[in-house]
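Letters A, B, ... are given to chains in the order of the sequence lines, protein chains preceding strands, and every chain is numbered from 1. Because the structure is a prediction, the values reported are computed rather than measured.
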Amino acid sequence: MSVGEALAAFDAANPDAGGTASFLGKVRGGDGVKALELSHYEPLTLTGMEALAEQAAARFGLAGLLAWHRVGVMTPGEAIVLVAAAAPHRRAAFDAVDMVMDHLKSAAWFWKRERREDGWHWIEPRAQDRADLARWK
Amino acid sequence: MSVGEALAAFDAANPDAGGTASFLGKVRGGDGVKALELSHYEPLTLTGMEALAEQAAARFGLAGLLAWHRVGVMTPGEAIVLVAAAAPHRRAAFDAVDMVMDHLKSAAWFWKRERREDGWHWIEPRAQDRADLARWK
Amino acid sequence: MSVRILFLGPLQDLAGKQAAEVAGPLDWNGLLAVVGNEVAEQLRQERVNVACKGRVLAEKTALLAEDGDEVALLPPVSGG
Amino acid sequence: MSVRILFLGPLQDLAGKQAAEVAGPLDWNGLLAVVGNEVAEQLRQERVNVACKGRVLAEKTALLAEDGDEVALLPPVSGG
């Protein structure tokens, strides 16, 4: 799926919202990273993302929310995650994207490992990610 | 210009950035608004936006910044403003978009009026917009 | 050749026009005298800026425009 | 028919496999006994969750899986 097409379609689907905020996360190159693999536990992931989307939509009065997360092996520059929120006001749209991203990083059933010269390394969750998540409790 | 194409092109132009945040502001329908007109003072607007973009890029260590603001008459659902920032990390990308939007609302040379049933009405700057701008001083 | 005065945003409505041409040189008092009472009252407020030759004046009362210059009267903005 | 145990994320490396099949019923102590010492040590940590039949258990030590059920061992996540 193309990121541009996804955002254009989302925009077209929400003509009446005053603003749309989005975040696109990509595999970073550098640091010797050759590839990134995202795995998940499917029976939990989709229902979890749907519940998260409904929670964000209710909390921020959204007209629409797009939450897209890839799994599999990706190379630097490729998109991993795309979140967009359409809302009457900018602050609500921003906060909704921020909240969904924080949950996708620390409260959704995804695991990430990266391949460097010497093989695959699992990415440990960071304390900062958990602190970010706590902002929404 | 298509919003989807602009974001796709921006994404392609910044393959190495870890994240891209964006905000798209559109003409809101409802409240009896039939149309919106944005005017500007061209000798100041472009140089002001270029300076703003450079300031945001330096402050947040951006890989790239897109700042697009329409002028003329627009109808509900049409895009007014599009800002995107590519950065190594999400927080920097979000803050850059937020800062540029706050400046475009309160510190760039644009004036907005809306047409309702009874004619055109100039939009007064809001105290909240000035407070938002002050966050970046 | 003359000084061109531009009325931006809501000042257009107060002035009843988008632009005016006056003979230079034009200083602050000259500007207040030619723009009409309503616009002059706005100009005296701190929140209204004046640009000359494409630059916003740090001290608008120091305006000194020559023939050929453009003077822009800039009320508070509302973009985005 | 048996209980299928899934090792997610880094637990795959500790287990040396992605999945295992064991005879049901399977309770918490049975799980600790069949997954190997390294995985068992992880399971005892609060930050590792257990799901059964597609639902995360509020109290993982109350696990009771029957033949045909899937038990997923969920280490701390790192998505986005």
Side-chain angles (χ1 to χ4, degrees), chain A residues 1-31 33 36 63 75-102 104-105 126 128-129 131-132 135, chain B residues 1-31 33 36 63 75-102 104-105 126 128-129 131-132 135:
Chain A
M1 188 184 68
S2 139
V3 166
E5 283 173 31
L7 288 173
F10 181 73
D11 181 39
N14 294 282
D16 299 331
T20 297
S22 76
F23 181 76
L24 167 69
K26 297 194 286 189
V27 182
R28 261 193 295 276
D31 303 330
V33 174
L36 194 72
T75 51
E78 280 190 74
I80 308 168
V81 61
L82 175 65
V83 174
H89 296 284
R90 172 162 51 114
R91 189 58 41 218
F94 261 86
D95 286 350
V97 173
D98 222 15
M99 177 181 135
V100 170
M101 280 301 306
D102 282 340
L104 290 176
K105 282 194 100 70
R126 301 179 311 147
Q128 183 59 50
D129 293 337
D132 288 346
R135 295 186 294 154
Chain B
M1 187 185 69
S2 140
V3 165
E5 282 173 32
L7 288 173
F10 182 73
D11 181 39
N14 294 283
D16 298 330
T20 297
S22 77
F23 180 76
L24 167 68
K26 296 194 286 189
V27 182
R28 261 193 295 277
D31 303 334
V33 175
L36 194 72
T75 52
E78 280 190 73
I80 307 168
V81 60
L82 175 65
V83 174
H89 296 285
R90 172 161 50 115
R91 189 57 42 217
F94 262 83
D95 286 350
V97 173
D98 223 14
M99 177 182 134
V100 170
M101 279 301 306
D102 283 340
L104 290 177
K105 282 193 99 70
R126 302 179 311 147
Q128 183 59 50
D129 293 337
D132 288 346
R135 294 186 295 155

Exercise. Under a 4.5 Å heavy-atom cutoff, which of B/Gly77, B/Pro76, B/Pro15 has the most pairs with chain A?
Worked result: B/Pro15
Problem set entry | Which portion of B/Ala17 sits near chain A, non-hydrogen atoms under 4.5 angstrom | backbone
For this session: Could you please spell out the steps behind the side-chain contact (heavy atoms from CB on, under 4.5 Å) verdict for B/Arg91 and A/Asp98?
Result: CA-CA 9 Å; B/Arg91 189 57 42 217; A/Asp98 222 15; 2.9 Å; yes
For this session: May I ask you to decide if A/Gly25's main-chain N or O and B/Arg90's side chain share a donor-acceptor pair within less than 3.5 Å?
Result: no
Seminar exercise, completed: chain A shares the most heavy-atom pairs under 4.5 Å, among B/Val83, B/Thr20, B/Asp132, B/Asn14, with B/Thr20
Exercise. What is the minimum heavy-atom distance between B/Ala8 and A/Gly4, and which atoms define it?
Worked result: CB-CA, 3.8 Å
Exercise. Out of A/Asp102, A/Ile80, A/Val27, A/Leu7, which one racks up the most heavy-atom pairs below 4.5 Å with chain B?
Worked result: A/Asp102
For this session: First locate atom NE2 of A/His89, then atom CD of B/Gln128, and finally report the distance between them rounded to the nearest 0.5 Å.
Result: 11.0 Å
